[in-house]
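Take a look at the structure below.
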Amino acid sequence: MPYDFKKAEKEFREVFKKLFKAKKKGKKFYCLEMFPYPSGRLHMGHIRNYTIGDVVARFMRMNGYNVLYPMGYDSFGLPAENAAIQHNLKPKIWTEKNIQEMKEQQIDMGNSYEWSREIQTHKPEYYKWNQFFFIKFFENGLVYKKKAISNFCPKCNTVLANEQVHDGKCWRCKTKVEIKHLDQWFLRITKYADELLNDLSKLDWPERIKEMQRNWIGKSEGTLVKFELEEELKKALGINYLEIFTTRVDTIFGVSFIAIAPEHPLTLEIAKIKGKEEEIKKFVEEIVIEDRFERTSKEKIKKGIFLNAFAIHPFTKQKIPIYTASFVLPDYGTGIVMGVPAHDKRDFEFAKQHNLPILFVIKSENTEEAYEGYGKLINSENFTGLDSVEAIEKITKELEKRNLGKKAKMYKIRDWLISRQRYWGTPIPIVYCKKCGIVAEKIENLPIVLPEEVTFGKGNPLETAEEWIKTKCPKCKGDARRETDTLDTFFDSSWYFLRFIDPKNKKQPFNKKIVEKWMPVDVYIGGAEHATMHLIYARFFVKALRDLGFLNIDEPFKKLVTQGIVTLGGEAMSKSKGNIVDPSEIIPYFGVDALRFFILFKAMPEKDLEWSNEGIEDIKKFLDKVLDVFEFFKNGKKFGNKKDKLILAKLNFLIEEYTRFIKNFEFPYALIKFMDFIKSLNRYKEEISKDAFKEIFNKISLLINPVCPYLSEAIWKELGNKGYSSLQKWPKPNKKFMKKEIVIEEDYLSDLIKDINQIKKITKKERLEKIQIIIADEWKRKAVRLIKDCKNVKEAIEKIKKSKYKDRLNELMKHLPYFIGIDFVPTSKKEIEILQNNKDIIEREFRAKVEIFLEKDLKDEKAKKAMPLKPSLIIF
Ligand SMILES: [Zn+2]
Ligand SMILES: [Zn+2]
């Protein structure tokens with residue numbers, strides 16, 4: 001009888017919606033999936049993410065943990081605003097419709113979320129606390145406003161953070177990003193650069209993700225060096241030095257030019273002084289719109305202009321020409337670099353173009369190209385003869401002594417640009433007062449609610465909310481204007497996991513004590529694409545909130561699982577490629593349980609998963625088979641008990657192995673074991689007692705709960721149990737039943753049946769009349785016992801060559817690998833006994849007569865091939 005999954009889904013869907021609640025007491029376990037953006041319908045990637053999460057949550061709950069497993073929506077963001085423009089719909093209405101749709105599908109999936117904790121970030125009761133944190137950061141100097149070179153997406157019509165620019169393109173719409181000078185709000189994430197880097201070692205995260213964060217933070221240790229300016233510039237600029245950062249101060253005697261980033265304010269100032277203003281202005285305009293990745297690539301031609309200016313070398317006191325050059329970025333280091341053509345490929349190209357000297361100061365065989373490695377110093381005054389590492393230390397010390405430099409650290413990571421010129425986000429709680437300047441709102445005035453009456457389509461919609469913009473200054477009560485930028489939605493998702501712990505709190509963002517009890521998140525599951533966005537922001541937020549006294553932990557996510565993508569035809573599913581499999585079309589045919597089982601069974605969580613319709617069909621058939629066996633048990637009238645011992649031994653070995661695999665996130669291995677067990681159960685169903693059956697299905701309904709929650713509850717209920725399987729204790733293996741010799745017999749038999757099937761297939765026999773099974777001689781067993789503990793085949797061969805079986809090596813050769821590491825070699829008497837006991841099973845399986853022989857009793861060449869545990873087979 002096929003499994004009526006629709007009936008089970010209908011019944012238990014409503015139960016699961018309300019069944020799960022974290023308790024006040026018990027060993028805590030916080031399981032969380034990355035905060036979804038409510039895009040409407042679920043795609044396979046979502047399903048995979050949530051299925052993995054729910055398996056963990058259900059498994060830990062049944063293992064006695066007090067599990068917190070919430071779900072909510074990261075519901076601010078640009079798509080809602082674009083939909084508003086396209087379909088003339090209010091973003092709020094569009095968003096809430098999507099949430100409703102998505103939530104219904106999530107409930108269908110049977111996940112054990114605690115829905116009463118649901119949060120939606122577009123609700124004032126949530127974003128009020130975004131504003132609260134913004135003000136706290138503002139008061140503590142962690143947020144500031146400055147004019148800066150910003151990434152601007154012309155399509156999204158807003159600025160972006162550096163983290164949201166991928167290969168020079170907008171992360172959301174893939175449009176090429178432009179550079180603009182704009183007044184923007186920044187979070188001082190760089191203050192935590194060192195800690196963000198060092199604490200990575202504490203985390204149980206995939207090494208790949210940690211490495212991406214290390215590269216993003218991009219720490220380099222080096223030296224700050226001051227180059228004195230020529231007198232004319234000193235006077236005109238009012239500064240005495242140009243400061244550069246280098247990791248290779250050992251090459252300082254090879255400096256032949258200094259290069260300033262075109263956007264650096266000093267570039268234009270020096271140009272003005274030197275009468276090159278027009279030329280440089282044009283050059284800067286040309287460079288700033290160039291892609292920063294192309295600018296710094298070693299292959300591209302380097303553009304630059306001499307500024308007619310000079311600085312003084314700190315050691316040689318020679319005049320060094322100052323250029324502005326496209327390959328220098330304004331926001332890395334000090335935005336000024338020293339050019340050492342002999343030891344840097346980019347500088348080498350630049351020097352050749354501009355006829356600058358190329359001075360080798362590290363010994364190199366080849367002077368036709370730059371040598372970038374370490375080595376022995378040459379032409380370096382007192383430092384000549386030192387090797388690079390020592391020279392870096394000594395030159396830095398000497399510079400320090402002369403007050404012309406010092407040891408320094410630099411980071412690639414920039415402060416996080418958080419203001420957006422868009423509507424559907426948290427209003428920044430700042431007002432501009434003519435008298436007081438930039439003033440933060442008072443906490444008691446929060447939330448500053450997003451106005452509904454705005455005009456879309458022309459720039460920042462909030463600028464059209466005239467009445468809303470007009471306000472009073474919280475300080476002087478005079479007329480003031482509201483900030484019209486909103487917060488990047490990554491701000492909302494940087495602390496939502498804290499709000500889940502205390503979601504209804506009206507007085508505070510969360511209660512410190514309760515948060516400390518539940519944090520950190522024990523397992524966090526999501527996509528690797530967030531490695532240098534959300535996962536860095538959230539880590540920063542927790543550290544900043546810790547320093548402001550809101551909590552007492554350093555890191556938000558203890559263990560991170562990044563699931564692979566779902567592919568079809570080897571490529572990521574995507575609308576544009578038209579290779580999408582919609583879960584809502586799969587579920588009505590195969591059921592939620594089959595979909596969950598398939599997703600877990602097909603690939604390890606971190607690997608990509610190739611969708612297959614045949615695959616899920618097979619799983620559906622398998623689940624029907626489970627129900628078949630269950631029906632047999634329920635309706636059966638006569639039961640044997642010959643196989644009770646065996647099947648109970650198998651069951652308890654299964655519990656042990658399956659539990660271990662689930663615990664280690666090795667879901668495919670767990671499910672293969674489960675499927676093997678069901679095959680054995682089906683094979684012996686007529687020889688299993690009613691009591692044993694009941695015991696088995698009780699355990700099965702629990703074991704399968706994390707994977708197939710509906711099937712689990714359906715069986716549990718049919719067995720006449722009270723309550724829900726989802727809330728039961730996880731089964732423990734009973735050592736009493738776990739006798740290796742019992743299962744060895746069963747394994748022997750399974751192998752034998754598999755081998756007979758194999759031969760049947762090769763010989764293309766439709767049906768068999770007779771099967772001769774030939775048992776290996778006793779001497780072979782002795783030989784095998786001799787080598788079973790060898791490490792490899794080579795060692796085994798050596799051992800046999802030294803034994804009395806050396807002349808018969810050929811007879812053993814073929815099966816040697818099979819015997820290495822084997823833990824039990826039966827005598828021929830034992831093997832015959834096993835076969836006699838199970839003869840009828842084999843006869844039934846193949847509807848053929850079975851004859852058993854000893855190798856020495858049968859005059860057939862094939863008989864000689866018999867090995868212990870691997871009898872020779874002749875079929876008729
Ligand atoms: Zn964009
Ligand atoms: Zn004021």
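Side-chain atoms of H122 and E96 include a donor-acceptor pair closer than 3.5 Å. Donor-acceptor pairing under 3.5 Å is recorded for the side chains of Y192 and D547. Side-chain atoms of E163 and W416 include no donor-acceptor pair closer than 3.5 Å.
Here the side chain of N140 pairs a donor or acceptor atom with the backbone of K136 at under 3.5 angstrom. Here the side chain of N111 pairs no donor or acceptor atom with the backbone of D54 at under 3.5 angstrom.
Here D108 pairs with R13 in a salt bridge; the nearest charged N to carboxylate O distance falls below 4.0 Å. Salt-bridge annotation for E516 and K513: absent, with no side-chain N of the basic residue lying under 4.0 Å from a carboxylate O of the acidic one. The residues R539 and D199 are annotated as not salt-bridged, no charged nitrogen and carboxylate oxygen being separated by less than 4.0 angstrom. The residues E555 and K558 are annotated as not salt-bridged, no charged nitrogen and carboxylate oxygen being separated by less than 4.0 angstrom. Salt bridge K219/D194: present, at least one basic N to carboxylate O contact under 4.0 Å.
When the shell of 6.0 Å around NZ of K155 is examined, it contains 12 or fewer heavy atoms from other residues, nucleotides or ligands. Within 6.0 Å of OH in Y65 there are 12 or fewer heavy atoms belonging to other residues, nucleotides or ligands. Counting heavy-atom neighbours within 6.0 Å of E453 CD, excluding the residue itself, gives a total of 12 or less.
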ring-ring contact (aromatic ring centres under 6.0 Å, His included) assessment of F490 paired with W171: CA-CA 13 Å; F490 279 92; W171 71 288; 5.3 Å; yes
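Ring geometry, F497 versus F557: the interplanar angle exceeds 60°, so the pair is classed perpendicular (tilted spans 30 to 60°). The aromatic rings of F35 and F500 sit perpendicular to each other, their planes meeting at more than 60°, with 30° as the lower class boundary. Aromatic ring orientation, F541 versus F133: perpendicular (interplanar angle above 60°, classes split at 30° and 60°).
Of the options L68, V56, V521, N63, a side chain to side chain contact (heavy atoms under 4.5 Å, CB included) to F29 is made by V56 and by none of the others. Paired with F134 under the rule ring pair (Phe, Tyr, Trp, His ring centres under 6.0 Å), one option of W129, Y144, W185 passes, and it is W185.
At a threshold of 4.5 Å between non-hydrogen side-chain atoms, the residues I189 and Y537 count as touching.
The side chain to side chain donor-acceptor pair (under 3.5 Å) contacts involving residues 418-439 comprise E81-R422, T95-W424, N130-T426, K145-Y432, T158-Q421, Q164-R420, Q184-S419, Q184-Q421, R420-D488, Q421-D485, Y432-E483, where partners must be two or more places apart or lie in separate chains.
For F550 and F132, the distance between ring centers is under 6.0 angstrom.
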